[in-house]
Each structure stands twice: as structure tokens, then as C-alpha cells.
There are 2 protein chains.
Amino acid sequence: MNLLFLGMTNPKPHYSIISEFVKKQIHEGLYPKGSLIPSENDLCIQFDTSRMTVRQALNELVKEGFIERKHGKGSFVKSERQSLGLLSFKGFSEVVGSADHEVKTLMVEPPAILPWPQGVFESMSRAESGEYFTLKRLRCADDAPVMLEYTYLPIEGFESLLSSDLVDGSLFKTLSVKFGVDMRNLEQCLRAIQADTTHSKLLKCPLGSPILAIERKYITNQTGLFVYSKLYCYTDHYSISNILN
Amino acid sequence: MNLLFLGMTNPKPHYSIISEFVKKQIHEGLYPKGSLIPSENDLCIQFDTSRMTVRQALNELVKEGFIERKHGKGSFVKSERQSLGLLSFKGFSEVVGSADHEVKTLMVEPPAILPWPQGVFESMSRAESGEYFTLKRLRCADDAPVMLEYTYLPIEGFESLLSSDLVDGSLFKTLSVKFGVDMRNLEQCLRAIQADTTHSKLLKCPLGSPILAIERKYITNQTGLFVYSKLYCYTDHYSISNILN
DNA sequence: GACAAGCACTTGTCTATACAAGATGAATTT
DNA sequence: AAATTCATCTTGTATAGACAAGTGCTTGTC
């Protein structure tokens, strides 16, 4: 069985091979958001396996938030990227209509390689060190800055990131498509602080105004690999909303 | 089959019956945190069913965060209550050791039945109304107040809550044990605001200091039933941390 | 005593099958 | 033409087995 993989000494279970195959196709755009993926029986035939195995594969994708299953209809693509920890903006001072906000991302500084920021993530990381690919970005909604984001990715294994562009401008999408790195889990730490001069300048908010500070540690599917983020949000005009489950 | 349920017109699938049975036993303290629950084969015999069905039941409990499975060893109880949206306190000004903090909950006012708080959750709720069981509580860590919590539960169907005490002082645990209501999902909205006089007095923080404001809508396993919460956190001495997956 | 083999127990992966139940469109009846 | 039935697609639930692989205890050997 499994003509596709004959000869390859593949330690991965079948359901894992199938779910990664489908996930890759979703990432490649073969099945855009909202579209129907092949039915369980189709996948059974395609991979010459039993339905329970295919179901386990698809349930993995449900758990990771890639697809949604509908009884009697089929499995639909939920989102092209993993929604884990995704923050969406929701205007609350102007709850007028459902006119979505235009979201832009600006690089505050060009991407750089810097040593591990000592003391910043002290409560979440144990003994990180070495060089980190560092991104300083400003997220804007409707041309108004709402979030200042510092992202730290260990450079080891990602040297090629420096020379290449990000897929769709998204670091996480790039990691998933080009390196097979997916975010599995997220640990975060929330505080309310007063804006300092940097925050005030970049977020265009008064000095000392309350801003939301979030420290994040993303746990990936590669053991030992973590991505860190520090977010500063000015929430007077836009609040930060998210959905957990 | 299923001697236990013969005669009951039970619309629920077997795996659901099994997972709720085990969940109830965990809640009742039969299997404390860290202990071993019966093996898959034991449950197969107990419920006269196949292993795949038992596995589906246990996987439900894993998904909900109640148990953890270890290959070759067994299934262990992870936590006595659902961790969904649970906020844990993590001192960051005193990251000394792993000495856990003593957490207490004080009632600011006795529980009351009040009409739906107009305008408070306007961005998350559509057309809520009627009477709500309202709790105003202050959460303390090591005797220091860190979080002010307003909770709103529709009174319909929960009239008996007024006369009875909360199980272990926890509203969510009471809902789960006595009413079979479990939190499935959480929608939240985060902001940083300035402390007003109420916040300042209760949270013992300076007037105008930055505090974290969180609006929450809990989606339950009973369609149409939502629990709302509004949290105010003073994060100068304690930050708010949580884990998503 | 130290080590290795074997055994019993656990969860993990997988097969092949069956029927239930929701969705949908075509064929049939009214 | 409208309504109903039916066939056929989908996913959901369930059975009864099989072997693999991790864990830990017992037993036997050196």
C-alpha cells in the first residue's frame, strides 16, 4: 500500500502524511478559503487507506484550525493560515457597520540580526541565547497605527530569510510554506503600561497614555524552536479582540 | 448493549456519554489532579463498547484540557477544571522561585439579579436582554487585589443558584457539576484604560494608572446560552498570563 | 548483585466494514 | 407547477479485531 511512499523510510504515521499533504495544498492556494476539499472517500482512494485514518488526518486539521467539517456537506477551508494567536482589530469607537478595516504593516527598521534581547522575556524563556532575526513592525488599521510589534526568531536554520522576501508579507506564512514550521501553541503575558517616548512617537499617542503590552512565546511543531514577540497596542480607538477555543 | 442506559431515550452518542461520565468523576474528586484514570480497556468493559469509541471519548477530554495521555503509561488528570480562558497570575516583579501564589476571591457585593447591562458588551452581544445573575468579585493573589471581575449569567434556568452555594467557590465549576454547562469557546476584547475611582479603591492602585480591561463572552455547550464577564486588572505587581492552543 | 530477556500492561496506528443522519438534486407523484 | 419521494452524496458513530511501540515489573542468567 501507499504507492506514493514506497521505498521511503518514512517514520511518520499515515494520518500525519495525509494531513500535511492537504495542509500544503491549502497553503499553495489549491483550495482557497471557503472552498471544499476532497471528501473522505476521495482521500481514502488517493492514499489507499481506510476511512478512519483519513478521518484522523482531517481531525488534525480541524484541531489546528485549517478546516471546518459540515455534516452531510463536506470539509471546508477555514483560513489559509493558522489562526492561532491571531489578533484581529475591531473598531469600538465606530461600531457603525461591518466595513472591514484596511490593515497595513510597516517596517520600523529593516530586518536585522541581533543578539538575544536579555531581560525582555525573562519570565517566559529559560536560557535563550545566540543570534536572532529581529523584526520591528508597526501594524496600522485604516492608516492609523495601532500595534507596535517586535518579533524574534532564532537565526539558526533560517539564514535564507535575510535574502528572500516574506510570503504575502507574513512571517508566519513564510515559516510555514518555506520551512514547514507551524505554530502549535502560545504562551502570553499581558500588562497595561504607560506609553514612553518611543511608543508615543510610533503609535501617535500621548506620552503616558495607557497601552497594552503583550509578551508572547510561540511554541512550534519543531521541538526546541520558539518564536518570541513583544506587542504594544494603543487601544483608544481600536480594541484588540480574539477568540479562543 | 449499554446496560446502564437501556430504556433511556438518550440522543447522545456513546463517546459523549463516556467522556461526560469521566469528566463528572474528575469534578467530583474521584480522580484528583495528576492521578491515573481507568485504562481504555477498563472503560471498554465498563461501558461494553469498542476501544475506538472509548478513544474518541478520551480524545474529547484531551481536547478540553481535562486529561493528558502518555504512551505506554496511561491517561492522567491534568486539571480539575477546564482551563479555557483561565487566567493565571504570574508575579513578574518577584520571579524568585516557583512558590505559587495564594489566590483568594472576595465578593464585592452579594450576588444580585439585575437587568442586562446595556452598553457594556455592545461590541460582542447582539440583543441580549432580561434578568441576569450578577457577581462582582475581587481576585487577590497573596492578599493583594489584582483583578476586579463582573460576571453576568442569564437567570433563566439557574434560579436555584441564588439559594445554593457555589461548588468550591467557583461559578464555572458549579455550572459544570450542577447544570452540565461547560464553556466551549471564548470571545474577548482587550483594552488598556486609566483607573477610575472605583478601580482605584478596589484594586488599591493610583487613580489614573494604566489597567487592563477585558470584556469576555463565553460560548457554552448549550446553544444560545452565553456568560459574560468584564475584568479589570492592575498589572504593576502581577502580570496576567495565559496559554492558548 | 548486575544485567538481560520476557511478559503484561499501557496508548498509538490501522483495517474493513456497517449503519445513521444531514444535504442535495433528480425523478416521481399529486 | 408544487410537493413528495428517492437516490446518492457527504460526514458522524460504532464494531471487532490487529499489530506496533513505550513502560515497568518479574524472572532468569551470568
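Here is how names work: the chains are called A, B, and so on, in the same order as the sequence lines, proteins then strands, and each is numbered from 1. Both backbone and side-chain heavy atoms feed into the values below; hydrogens, waters and symmetry mates do not. Quick caveat, the model's predicted, so the values are computed rather than measured.
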Short side-chain N/O contact to [N] OP1/OP2 from [X], under 4.0 Å:
{"X": "Arg55(A)", "N": "dG12(D)", "result": "yes"}
{"X": "Thr49(B)", "N": "dT15(D)", "result": "yes"}
{"X": "His14(B)", "N": "dA14(D)", "result": "yes"}
{"X": "Ser75(A)", "N": "dT11(D)", "result": "yes"}
{"X": "Gln56(A)", "N": "dT13(C)", "result": "yes"}
{"X": "Lys73(A)", "N": "dT24(C)", "result": "yes"}
{"X": "Thr53(A)", "N": "dC14(C)", "result": "no"}

Side chain of [X] - closest among [options]:
{"X": "Ser39(B)", "options": "dT15(C), dT11(C), dT10(D)", "result": "dT11(C)"}
{"X": "Arg51(B)", "options": "dA14(D), dA21(C), dT11(C)", "result": "dT11(C)"}
{"X": "Tyr15(A)", "options": "dC14(C), dT10(D), dG12(D)", "result": "dC14(C)"}

**Prompt:** If you find the nucleotide of DNA chain D closest to Met52(A) and the one closest to Lys70(A), which residue's nucleotide is nearer the 5' end?
**Reply:** Lys70(A)

Return the value, rounded to whole Å, for the distance between atom [atom1] of [X] and atom [atom2] of [N].
{"X": "Asn59(B)", "N": "dA14(D)", "atom1": "CG", "atom2": "C1'", "value": "15 Å"}
{"X": "Ile45(B)", "N": "dC9(C)", "atom1": "CD1", "atom2": "C1'", "value": "13 Å"}
{"X": "Arg69(B)", "N": "dT13(C)", "atom1": "CZ", "atom2": "C1'", "value": "12 Å"}
{"X": "His71(A)", "N": "dT11(D)", "atom1": "NE2", "atom2": "P", "value": "9 Å"}
{"X": "Leu36(B)", "N": "dC9(C)", "atom1": "CG", "atom2": "P", "value": "14 Å"}
{"X": "Glu60(B)", "N": "dA14(D)", "atom1": "CD", "atom2": "P", "value": "11 Å"}
{"X": "Phe47(B)", "N": "dT15(D)", "atom1": "CZ", "atom2": "P", "value": "13 Å"}
{"X": "Leu43(A)", "N": "dT10(D)", "atom1": "CG", "atom2": "C1'", "value": "13 Å"}

**Cation-pi check, Lys70(B) onto Phe76(B) ring (under 6.0 Å, within 45° of axis)** = yes

**Message:** Here's one to test your reading of the geometry: is the NZ or CZ of Lys217(B) within 45 degrees of the ring axis of Phe226(B) and under 6.0 Å from its centre?
**Reply:** yes

**Message:** Is the ring pair Phe158(B)/Phe179(B) parallel, tilted or perpendicular, if the boundaries are 30 and 60 degrees?
**Reply:** perpendicular

**Asked** Atom CG of Leu161(B) and atom CG of Leu175(B): how far apart are they, to the nearest 0.5 Å?
**Response** 6.0 Å

**Sub-6.0 Å ring centroid separation between Phe47(B) and Phe21(B)** = yes

